[in-house]
Amino acid sequence: MNSSVASNRDNPLRDSAQYVKGVGPARFELLRRLGIETIGDLLFNFPRAYEDLTDCRRIADLTADVVQTVAGEVVEIEGRTTRTGKQVLSVVLSDGSGVVEGVWFNQPFMARRFRYGMRVAFSGKPRRQNGYWQIANPRVQLLDSDYEDDPRGVLPVYSLTEGLHADQMRRIQRFAVETYVQFVPEILPEELRRRHGFLDAPTAIRTMHLPESMAAVEQARRRLVYEEFLILQVGLALRRRDVRDIRKAPRFPITRTIDERIRRLFPFQLTRDQNRAIVQICRDMASDKPMQRLLQADVGAGKTAVAVYALLLTVAHGYQAALMAPTEVLARQHWRTLSHYLAHSRVRRLLLTGGLKPRERKAALGEIRMGQVDLVVGTQALIQEDVEFAKLGLVVIDEQHRFGVAQRERFRRLGEDPHYLVMTATPIPRTVALTVFGDLDVSVIKEMPPGRLPVVTRLVPEEKRAKLWEYLVKQVGKGRQAYIVCPLVEGTEGQDAKAAEQTYEELRTGPLQGLRLGLLHGRMDDQAKDAVMNRFRAGEVQVLVTTTVVEVGVDVPNATLMVIEQADRFGLSQLHQLRGRISRGTVAGECYLFAHGASEEARARLKLFVRTRDGFALAEADAQQRGLGEFFGTRQHGLGELRLGNIVRDADLLQMAREDAFALVSADPGLAQPQHQALRRAVLERYGQTLELAEIG
Ligand code: ADP
Ligand code: MG
């Protein structure tokens with residue numbers, strides 16, 4: 001033990017992991033590489049997997065024809081071909097009491113999994129064959145080679161780093177758990193724990209590390225996942241209360257005159273769903289509680305029109321409004337849309353993007369600060385420190401999944417908050433809405449504006465590629481326009497751009513020779529992007545070869561054809577967004593997918609995409625198959641990674657935790673009651689900063 005490191009008598013969990021038996025300075029360094037500093041970190045360093053050898057028996061004790069598990073060392077690996085031409089792989093295990101042979105037919109690749117001397121478990125039904133036991137097609141578990149214990153029961157498998165062996169790590173974890181787990185504080189209020197029949201905290205943590213069965217692990221895991229969700233949901237509930245009960249926003253009541261003046265600007269009748277969203281928004285904005293609303297609608301369903309309504313309501317009351325988009329291309333498109341609607345109005349407006357020259361930017365910021373503009377459209381450039389509004393009443397954020405709670409905080413100004421409207425075309429599964437967007441109200445537009453035709457989607461076999469290009473040439477000859485979407489290349493943006501450039505060259509000089517092609521990718525500067533988009537919009541460019549820059553919001557009604565290369569590399573929601581680009585005109589869109597070399601699983605996913613038009617269903621499927629990943633991960637939103645919980649798989653626990661959290665916060669808004677102290681500390685520690693919960697701190 002290092003005597004220069006003071007020990008923390010009150011809370012040994014905060015002590016350095018060096019104090020644990022079996023950890024010296026050298027091992028401590030290895031643990032730190034795994035992100036483990038304190039004893040508490042060790043206790044919460046849960047196994048990444050388990051080896052279940054609960055019903056492992058000695059080979060000598062096997063009985064015929066019932067499923068059993070045996071473990072032993074590989075003593076023979078042999079492949080042979082029978083007279084009838086079958087390939088047989090035989091792997092023999094010995095555990096000292098006897099031998100057992102695992103056999104596989106026509107799966108020679110299985111041989112690669114085994115090495116001599118390796119420890120392996122087989123599960124399956126043994127049969128007596130020529131005097132010894134044989135299991136056909138056994139289930140295989142590869143075990144650690146170095147056991148200190150009898151390989152029975154459930155063994156935890158921890159993440160390791162070079163120089164730290166499985167058995168050492170197990171021993172360290174075991175010492176830590178046995179000595180310190182009693183100091184883990186109980187965060188769950190007794191009442192909730194009882195009601196749900198959850199284990200207490202020390203027992204749950206102990207079980208995670210030293211389980212007796214997989215069923216016990218699951219029971220412990222559920223309790224810990226619930227706790228994790230409860231902490232998050234209490235944080236969100238507190239924030240929501242804070243925003244609603246403490247913060248103030250200006251009131252913008254709607255009047256008949258204002259309503260009529262705004263509606264006159266639209267060249268169409270708003271749909272029923274659009275009107276319903278507007279009613280909800282007007283109700284929010286008429287109150288002095290800042291609106292926190294998520295407007296969710298499939299691509300092309302008409303969110304922008306609804307946002308324009310809210311923006312103009314704000315301006316009508318003499319306040320400024322801002323519209324923020326995730327990319328330059330989109331900011332410019334919104335700018336164009338607004339300019340179109342506002343062609344004959346006196347609303348003073350300004351486009352603020354990253355591309356402005358310093359002088360222009362300075363002038364723009366001056367106008368915003370002096371209140372000389374009413375409406376500002378921009379990108380992230382809007383949330384920079386030096387942007388100051390004279391009288392900001394509303395912020396509309398497009399494609400929220402790229403902006404977190406923290407960014408929203410940017411716009412807070414002395415004593416007054418603006419209203420917020422967050423728009424997204426990414427269908428958000430309900431489970432996600434409950435977590436990352438847990439502090440927002442939701443409006444949904446389901447109905448499409450009249451006259452939209454559904455997109456026809458096809459998965460095209462590689463051998464039909466040439467035919468497809470012929471078809472495309474013919475259709476473009478008839479005046480239609482097309483997108484060709486190149487896949488995202490893992491890694492850098494530069495690689496993407498290169499792939500797109502290459503495709504562009506190949507098509508231009510090959511199958512699409514004679515058509516006017518354009519190229520759009522993220523590495524081009526804003527001017528070049530804008531130029532090619534303008535030419536595409538004007539019909540000068542007939543075929544736009546692009547990376548996913550085009551994904552959100554780009555609106556060119558005459559472009560009704562789309563080809564997506566290596567479609568298996570995209571998420572379903574992302575594909576759906578892309579497809580949304582070609583459902584804007586009066587001609588039915590056609591979307592063709594290539595997925596050469598894709599796995600069976602990926603093909604199945606794409607087939608689901610081909611037959612499903614419902615963006616929500618696709619988003620759920622995405623979340624289940626790929627995890628929450630890019631768009632919805634809690635990390636993306638500054639909420640940190642969940643340690644154990646998976647908001648899709650553990651949706652039931654999430655729902656439960658949410659209800660409990662909101663009830664708890666409404667009964668005890670300051671979390672002042674003694675039974676809520678541990679929970680309060682945990683919430684503040686984890687989310688106090690990101691959720692700006694200072695006011696209850
Ligand atoms: P989103 O932002 O949801 O993708 P937009 O607001 O950009 O959708 O609308 C998509 C297209 O539909 C635009 O060209 C818009 O002019 C048109 N549109 C929106 N609302 C209506 C409506 N109620 N009736 C007819 N067309 C509409
Ligand atoms: Mg839009």
Side-chain angles (χ1 to χ4, degrees), residues 259 262-281 293-313 321 323-327 329-343 375 377 379 396-403 421-428 442-455 481 483 533 536-538 548-560 562 573-589 591 613-616 618-619:
D259 179 71
I262 298 176
R263 281 178 198 269
R264 226 178 294 140
L265 298 173
F266 297 123
F268 42 71
Q269 293 277 316
L270 295 172
T271 63
R272 217 177 24 192
D273 281 3
Q274 282 172 320
N275 277 318
R276 196 179 41 224
I278 285 172
V279 167
Q280 291 166 334
I281 288 168
R293 186 167 289 279
L294 179 69
L295 176 61
Q296 208 181 335
D298 220 335
V299 201
K303 292 179 296 297
T304 312
V306 172
V308 166
Y309 191 105
L311 292 166
L312 295 178
L313 172 60
L323 171 57
M324 186 157 73
T327 66
V329 171
L330 266 182
R332 279 165 209 279
Q333 176 160 308
H334 280 315
W335 176 249
R336 248 185 324 268
T337 307
L338 279 172
S339 302
H340 197 68
Y341 289 140
L342 300 179
L375 199 54
V377 178
T379 54
V396 177
I397 301 171
D398 195 5
E399 291 306 321
Q400 140 94 15
H401 58 253
R402 309 186 196 199
F403 297 98
L421 180 66
V422 170
M423 303 196 280
T424 181
T426 313
I428 296 167
V442 182
S443 296
V444 179
I445 304 177
K446 280 234 154 108
E447 170 192 24
M448 286 282 165
R452 288 290 163 75
L453 296 165
V455 175
Q481 286 170 280
Y483 295 100
M533 276 315 294
F536 189 53
R537 210 171 277 117
T548 48
V549 181
V550 80
E551 183 188 337
V552 255
V554 172
D555 197 357
V556 180
N558 192 50
T560 52
M562 179 174 281
S573 290
Q574 210 177 2
L575 288 172
H576 188 65
Q577 296 269 334
L578 286 167
R579 177 166 66 178
R581 299 296 116 231
I582 52 168
S583 68
R584 306 231 151 186
T586 44
V587 177
C591 178
R613 293 206 186 110
D614 179 350
F616 284 81
L618 292 171

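Heavy atoms only: backbone and side chains are in, while hydrogens, waters and symmetry mates are out. Counting convention: from 1, in listed order, for ligands and their atoms alike.
- The shortest side-chain heavy-atom distance between V422 and L295 does not fall under the 4.5 Å cut-off.
- Residues I445 and Q296 have side chains not in contact (no heavy-atom distance under 4.5 Å, counting atoms from C-beta outward).
- Polar contact check, P449 against ligand 1: no nitrogen or oxygen pair lies under 3.5 Å apart.
- The shell of residues lying under 4.0 angstrom from ligand 1, judged by heavy atoms, includes A301.
- Ligand-side atoms of ligand 1 in range of Q269: 22 (C), 23 (N), 24 (N), range being under 4.0 angstrom from any heavy atom.
- Contact atoms of ligand 1 toward T271: 23 (N) (distance under 4.0 Å to a heavy atom of the residue).
- Considering only heavy atoms from C-beta on, N275 stays 4.5 Å or farther from D273 through its side chain.
- Listed by atom number, the atoms of ligand 1 under 4.0 Å from L270 heavy atoms are 23 (N).
- Each of the following atoms of ligand 1 lies closer than 4.0 Å to a heavy atom of A305: 6 (O).
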(request) Could you walk me through whether R579 and L575 pass side-chain contact (heavy atoms from CB on, under 4.5 Å), step by step? (result) CA-CA 6 Å; R579 177 166 66 178; L575 288 172; over 6 Å; no
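- Side-chain atoms of Q280 and S443 form a donor-acceptor pair, as typed in the model, at a separation below 3.5 Å.
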